[in-house]
Amino acid sequence: MRMYDLIMKKRNGQPLTKEEIYYFVEGYTSGKIPDYQASALMMAIYFQKMTHEETLALTLAMAESGEQLDLSSINGAKADKHSTGGVGDKTSLVLAPMAASLGVKMAKMSGRGLGHTGGTIDKLESFDGFLTALSKEQFLENISKVGMAITGQTGNLAPADKKLYALRDVTATVDNISLIASSIMSKKLAAGAGTIVLDVKCGNGAFMKTQAEAEALAEEMVRIGTGAGRNTTAVVSGMDEPLGFAVGNALEVKEAIDTLRGNGPNDLLELCLTLGSYILMGTGMASDEKSARKQLSEAVSSGAALEKFAEFVEAQGGRREQVYDYSSLPEARFVKEIYAPKTGYISNIRSEEVGLAVMALGGGREIKTSEIDLSAGVVLKKKTGSLAVEGETIAVVHGSDEAGLDEAAGRLQAAFSWSETPVSVPALVKKVITSKSGCNS
């Protein structure tokens with residue numbers, strides 16, 4: 001088998017066999033196949049696309065390219081949740097303890113934020129002493145004992161994906177459904193959970209800008225998960241405005257805690273109830289969405305979900321008292337209020353602009369080595385559909401230097417669109433895709 005022949009075959013629009021795909025992944029991961037040949041194949045795939053069978057084979061080959069977690073020693077149903085990234089997306093901090101408090105074992109490996117979307121790992125570092133890098137043994141022990149663990153991505157998990165993504169990033173071959181889906185799902189499959197729930201974002205603050213693109217990606221990922229024998233569901237949700245009111249690491253942690261107390265924003269809670277319902281149904285802990293939502297709501301109202309979050313923070317080196325009193329979490333030196341320039345209805349709050357405002361404050365990461373200001377961020381006081389009176393506070397900017405505060409304030413002011421007449425609020429959950437939706441055909 002020669003790499004040259006694989007490149008020419010795909011260039012000519014012919015599907016690669018499972019054996020050919022495994023040959024490529026193994027050869028590129030080990031260094032036998034050079035970057036220039038891998039780049040040529042990625043470009044051929046970009047233009048000629050991949051069949052569903054090819055995409056599944058590529059995903060499985062990447063998942064098997066390194067260490068695969070074996071969760072069989074952990075009693076109970078194991079689940080994992082993934083988001084394609086968005087502005088103000090602190091869902092994992094709420095959803096995982098809700099599900100774990102009901103007996104689901106939540107095993108989550110997460111990344112750091114890059115660009116205007118925040119990473120769960122960065123947010124958790126707002127807690128004093130919190131450990132974001134667990135050994136495999138500690139990760140498994142915490143899942144077993146606490147019911148949940150969230151750790152940084154291990155370097156040995158799907159190394160082929162890490163190497164291929166770095167190559168795609170500099171060869172303009174990132175934007176391909178099969179390559180995106182296989183990248184995400186290879187890590188999910190290697191992480192070992194039997195139930196996988198995906199939150200696929202769409203809108204101006206998401207990677208997939210349109211609902212049609214998000215649905216195509218969601219369907220491909222569900223098809224992969226189903227083909228690999230995992231119970232997989234994808235929820236397509238909107239990201240045309242930030243999720244919740246808070247954007248920025250420590251600010252989002254505080255909002256997540258408020259939600260676990262039963263005082264959070266409606267959109268964040270609704271998304272967690274939807275995603276959580278499919279986790280409970282997928283693990284066999286609920287027969288339908290109504291009973292699942294009831295269990296999840298009771299986990300919040302009883303205080304069980306908040307207690308589970310405190311237990312989780314403590315198990316990973318943090319101080320549980322900060323969950324019950326978050327006043328000692330990082331706070332910015334300066335705050336600046338943003339006022340409504342006129343009386344009217346807010347017709348949109350562009351997520352991407354809000355995210356870029358937070359980056360200007362130091363709350364985001366332009367390159368992987370950027371230092372993050374955990375206290376920086378934005379708290380919205382109004383959302384789409386709200387009426388604001390001229391001069392009323394519509395947002396508050398939090399930052400550590402006044403120069404960044406002014407730049408962020410300008411971006412934030414420009415993020416708001418206005419209407420003289422009432423506007424309808426678009427549905428947060430756009431579509432739910434399961435293997436029964438017909439996408440695995």
Side-chain angles (χ1 to χ4, degrees), residues 21-22 24-26 28-29 42 50 55-71 78-86 89 91-92 95-96 105-115 117-122 124 132-136 139-140 143 148-169 173-174 176-201 207-208 217-218 220-235 275 279 282 368:
I21 290 170
Y22 270 75
F24 161 66
V25 171
E26 190 281 325
Y28 185 58
T29 307
M42 291 299 103
M50 298 184 91
T55 306
L56 176 58
L58 177 62
T59 309
L60 292 173
M62 291 198 297
E64 294 167 21
S65 67
E67 185 178 14
Q68 297 183 78
L69 287 181
D70 180 2
L71 305 182
K78 278 80 72 174
D80 193 358
K81 169 260 174 189
H82 176 80
S83 168
T84 56
D89 184 10
T91 312
S92 293
L95 175 61
K105 305 296 186 182
M106 295 296 296
K108 181 162 175 56
M109 289 196 172
S110 186
R112 294 189 180 278
L114 186 60
T117 59
T120 302
I121 289 296
D122 297 309
L124 286 168
T132 58
L134 300 179
S135 67
K136 182 178 76 171
F139 181 63
L140 295 174
I143 297 167
M148 63 175 286
I150 301 176
T151 187
Q153 195 79 49
T154 169
N156 294 325
L157 210 71
D161 170 63
K162 185 177 182 181
K163 194 171 181 182
L164 269 177
Y165 189 88
L167 184 74
R168 288 165 53 215
D169 198 32
T173 52
V174 169
N176 173 280
I177 292 292
S178 290
L179 296 178
I180 297 168
S182 60
S183 175
I184 294 170
M185 291 303 291
S186 62
K187 296 188 284 285
K188 293 292 105 180
L189 296 180
T195 295
I196 301 170
V197 173
L198 306 158
D199 180 13
V200 184
K201 305 289 190 186
F207 182 66
M208 311 307 283
L217 176 60
E220 195 63 69
M221 291 196 292
V222 170
R223 189 180 290 112
I224 290 168
T226 303
R230 310 296 173 89
N231 193 319
T232 311
T233 301
V235 174
L275 295 168
I279 287 175
K368 289 182 179 179

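If you read the sequence from its start, that first residue is 1, and numbering goes on from there. On a predicted model such as this, the values are computed, not experimentally measured, just so you know.
With values rounded to the nearest 0.5 angstrom, I121 atom CD1 is found 10.0 Å from M109 atom CE. A distance of 8.0 Å separates CG of L124 from OG of S110, quoted to the nearest 0.5 Å. One distance of note links OG1 of T195 with CG of N231; it measures 4.5 Å at 0.5 Å rounding. In this structure, M42 CE and F24 CZ are separated by 4.0 Å, a value rounded to the nearest 0.5 Å.
Contact check for I196 versus M185: side-chain heavy atoms found under the 4.5 Å cut-off. For the pair S183/R168, a side-chain contact is recorded, criterion being any heavy-atom separation below 4.5 Å from C-beta on. Between I279 and L95, some side-chain heavy-atom pair lies under the 4.5 Å cut-off.
Formation of a donor-acceptor pair under 3.5 Å by the R230 side chain with backbone atoms of L189 is found in this model. One N or O on the side chain of K108 and one on the backbone of K81 form a donor-acceptor pair closer than 3.5 Å. Judged by distance alone, the side chain of T226 and the main-chain N or O of R223 form no donor-acceptor pair under 3.5 Å. Between the T132 side chain and the T151 main chain, no donor and acceptor come within less than 3.5 Å of each other.
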Q: Take S65 and K163, measure what side-chain contact (heavy atoms from CB on, under 4.5 Å) needs, and give me the verdict at the end.
A: CA-CA 11 Å; S65 67; K163 194 171 181 182; over 6 Å; no

Q: Just do the side-chain contact (heavy atoms from CB on, under 4.5 Å) check on K136 and L69 with the steps written out, would you?
A: CA-CA 8 Å; K136 182 178 76 171; L69 287 181; 3.5 Å; yes

Q.
For V174 and L179: C-alpha separation, side-chain torsions, deciding distance, then whether side-chain contact (heavy atoms from CB on, under 4.5 Å) applies.
A. CA-CA 7 Å; V174 169; L179 296 178; over 6 Å; no

Q: Please test V222 against T233 for side-chain contact (heavy atoms from CB on, under 4.5 Å), starting from the C-alpha separation and ending with a verdict.
A: CA-CA 6 Å; V222 170; T233 301; 5.7 Å; no

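When every heavy atom of A63 is checked against every heavy atom of S186, the shortest pair comes out as CB-O, 3.5 Å. Nearest heavy-atom pair, A160 versus T29, reported as atom, atom and distance to 0.1 Å: CB-OG1, 3.2 Å. For I143 against A149, the heavy-atom pair with the smallest separation is CG1-CB, 3.7 Å. In terms of heavy atoms, M221 sits closest to A181 at CG-CB, 3.7 Å. Closest approach of T55 to S182, counting heavy atoms only: O-CB, 4.3 Å. Across L56 and A228, no two heavy atoms sit closer than the pair CD1-N, 4.3 Å.
Residue pairs meeting the salt bridge (Lys or Arg N to Asp or Glu O under 4.0 Å) criterion with at least one member in residues 176-190, sequence neighbours excluded: D80-K188, D161-K187.
Judged as a side-chain contact (heavy atoms from CB on, under 4.5 Å), and not counting sequence neighbours, the contacts of I177 are M208, A216, L217, E220.
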